[in-house]
Structures are given as C-alpha cells and as structure tokens.
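For reference, the structure discussed in these notes is given below.
No hydrogens, no waters, no symmetry mates; every other heavy atom, side chains included, goes into these values. Heads up: numbering here begins at 1 and tracks the sequence.
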Amino acid sequence: QVQLAESGGGLVQAGDSLRLSCTASGRTFSDYGVGWFRQAPGKEREFVAAITRGGDSTYYADSVKGRFTISRDNAKNTVYLQMNSMKREDTAVYYCAGKRYGGSWFSSEPYDYWGQGTQVTVSS
C-alpha cells in the first residue's frame, strides 16, 4: 500500500497564495492517480483537484478553476496543489488521496489511500 502525508497548510490572508504538498511512501507512486479534497467545518468533504498517474490530465472543481493548479513530480513522490487568489471559503482541512484503478476522479469513493489532512485557514 501507499502512505500519504500532506504538508504546507497554514494561515493566510485573502488574496494570498499557498502551496500544499502530498508526499507518498510505499508502493510505486507513479501507479496512482492523486486527488485533493477538502472539508470545511460542518460541511461534506468535497473534491478540489486531481491528476492522472503521468500528470498528463488534470481535473478541477469549478470553485477553484483558474486559481488552483495541481501538479506532480514522480521522481520526488510528491503531488502539489498551488493555491492562488485565496478566498475565505477556501478555509478547510485539505486531504490528498490516491487511487490506482478506475472510477470517478470527483468522488471520494474510488480513492484507496488518504493522508491525515492539513489545515488551511484564509482570513479576510
């Protein structure tokens, strides 16, 4: 199996940028597509972005499209989420997740492995 660990969360002001990292250990990282999800207090976990195994395709939630960018460096076993022009509504715990096989990129169900999450707080 693969173990995932998020880092890079913190407190920022609206309009600022932040980059999250998801570092993997265990099985071959390049075998897994990776998604970022987030969960705000009192809300359901929601899809943010995803990237295929080779990094050739990416997917975004409408709420972050044009502001967030997902990328990966398989040599470093790391996936990044660059977040720009951040808004208060981006405040949440952010999780990265890995899936090896098919299924929707946008649902949490197909993802087999999850990190512990990192808190992102955006103040006005």
Side-chain angles (χ1 to χ4, degrees):
Q1 64 181 38
V2 63
Q3 293 80 40
L4 302 175
E6 304 92 341
S7 61
L11 173 64
V12 297
Q13 292 190 329
D16 284 352
S17 298
L18 199 63
R19 189 176 79 162
L20 304 183
S21 298
C22 172
T23 302
S25 60
R27 285 179 176 258
T28 305
F29 182 59
S30 58
D31 287 345
Y32 293 82
V34 174
W36 283 97
F37 291 77
R38 67 187 182 187
Q39 188 166 19
K43 294 188 176 182
E44 297 289 319
R45 187 174 296 187
E46 65 174 2
F47 169 79
V48 177
I51 189 166
T52 52
R53 291 179 292 180
D56 51 307
S57 294
T58 56
Y59 308 89
Y60 296 95
D62 287 342
S63 58
V64 306
K65 202 171 293 183
R67 299 189 299 120
F68 290 11
T69 302
I70 189 171
S71 62
R72 68 188 297 161
D73 184 341
N74 285 340
K76 296 183 178 179
N77 286 351
T78 302
V79 169
Y80 304 99
L81 184 68
Q82 178 66 44
M83 304 185 291
N84 298 330
S85 303
M86 296 188 71
K87 304 176 181 180
R88 285 192 63 184
E89 50 263 43
D90 294 323
T91 296
V93 177
Y94 283 70
Y95 301 88
C96 66
K99 71 181 183 81
R100 191 168 184 184
Y101 301 109
S104 171
W105 290 101
F106 308 100
S107 169
S108 61
E109 290 298 319
Y111 290 85
D112 304 299
Y113 305 106
W114 291 79
Q116 293 299 307
T118 185
Q119 176 70 48
V120 172
T121 303
V122 184
S123 65
S124 58

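The side-chain heavy atoms of Gln13 and Ser123, taken from C-beta on, include a pair separated by under 4.5 Å. Taking 4.5 Å as the limit, every side-chain heavy atom of Glu6 sits out of range of all side-chain heavy atoms of Leu20. Considering only heavy atoms from C-beta on, Asp16 stays 4.5 Å or farther from Met83 through its side chain. In this structure, the side chains of Trp36 and Phe68 stay at 4.5 Å or more apart for every pair of heavy atoms. Phe29 is not listed as a side-chain neighbour of Thr23, based on a closest heavy-atom distance of 4.5 Å or more.
Val122 and Phe37 are not part of a single hydrophobic cluster, where members link through side-chain heavy atoms under 4.5 Å apart. Residues Trp114 and Val48 are members of separate hydrophobic clusters, defined by side-chain heavy-atom contacts under 4.5 angstrom among Ile, Leu, Val, Met, Phe, Trp and Tyr. Cluster membership for Val120 and Phe47, using ILVMFWY side-chain heavy atoms within less than 4.5 angstrom, is not shared.
With sequence neighbours excluded, the residues satisfying side-chain hydrogen bond (donor to acceptor under 3.5 Å, both in side chains) with Asp90 are Arg38, Arg67.
Side chains of Ser17 and Asn84: a donor on one and an acceptor on the other come within 3.5 Å.
Nearest heavy atom pair, residue Gly117 against residue Val93, reads CA-CG1, 3.9 Å. In terms of heavy atoms, Gly102 sits closest to Pro110 at O-CB, 3.7 Å. Gly10 and Leu18 make their closest contact through N-CD2, 4.0 Å (heavy atoms, listed as atom of the first residue, atom of the second, distance). Here the closest non-hydrogen pair linking Val34 and Cys96 is CG1-CB, 4.5 Å.
Taken to the nearest 0.5 Å, the CG atom of Asp31 stands 13.0 Å off from the NZ atom of Lys99. With rounding to the nearest 0.5 Å, the separation of OG1 in Thr118 from CG in Leu81 is 11.0 Å. The OH atom of Tyr95 lies 11.5 Å from the OG atom of Ser108; values are rounded to the nearest 0.5 Å. Taken to the nearest 0.5 Å, the OH atom of Tyr32 stands 10.5 Å off from the CZ atom of Arg53. The OG atom of Ser30 sits 8.0 Å away from the CG atom of Asn77 when rounded to the nearest 0.5 Å.
Because its NZ or CZ atom is both nearer than 6.0 Å to the ring centre of Tyr80 and within 45° of the ring axis, Arg19 counts as a cation-pi partner of that residue.
Atom CD of Glu89 has more than 12 heavy atoms from other residues, nucleotides or ligands within 6.0 Å.
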After noting the C-alpha distance and the side-chain angles of Ile70 and Tyr60, does the key distance pass the side-chain contact (heavy atoms from CB on, under 4.5 Å) rule?
-> CA-CA 9 Å; Ile70 189 171; Tyr60 296 95; 3.4 Å; yes

side-chain contact (heavy atoms from CB on, under 4.5 Å) between Thr91 and Gln119, worked out | CA-CA 8 Å; Thr91 296; Gln119 176 70 48; 4.1 Å; yes

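With Arg72 contributing its side chain and Gly33 its backbone, the two residues share no donor-acceptor pair below 3.5 Å. Tyr111 contributes a side-chain N or O that, together with a main-chain N or O of Trp105, makes up a donor-acceptor pair within less than 3.5 Å.
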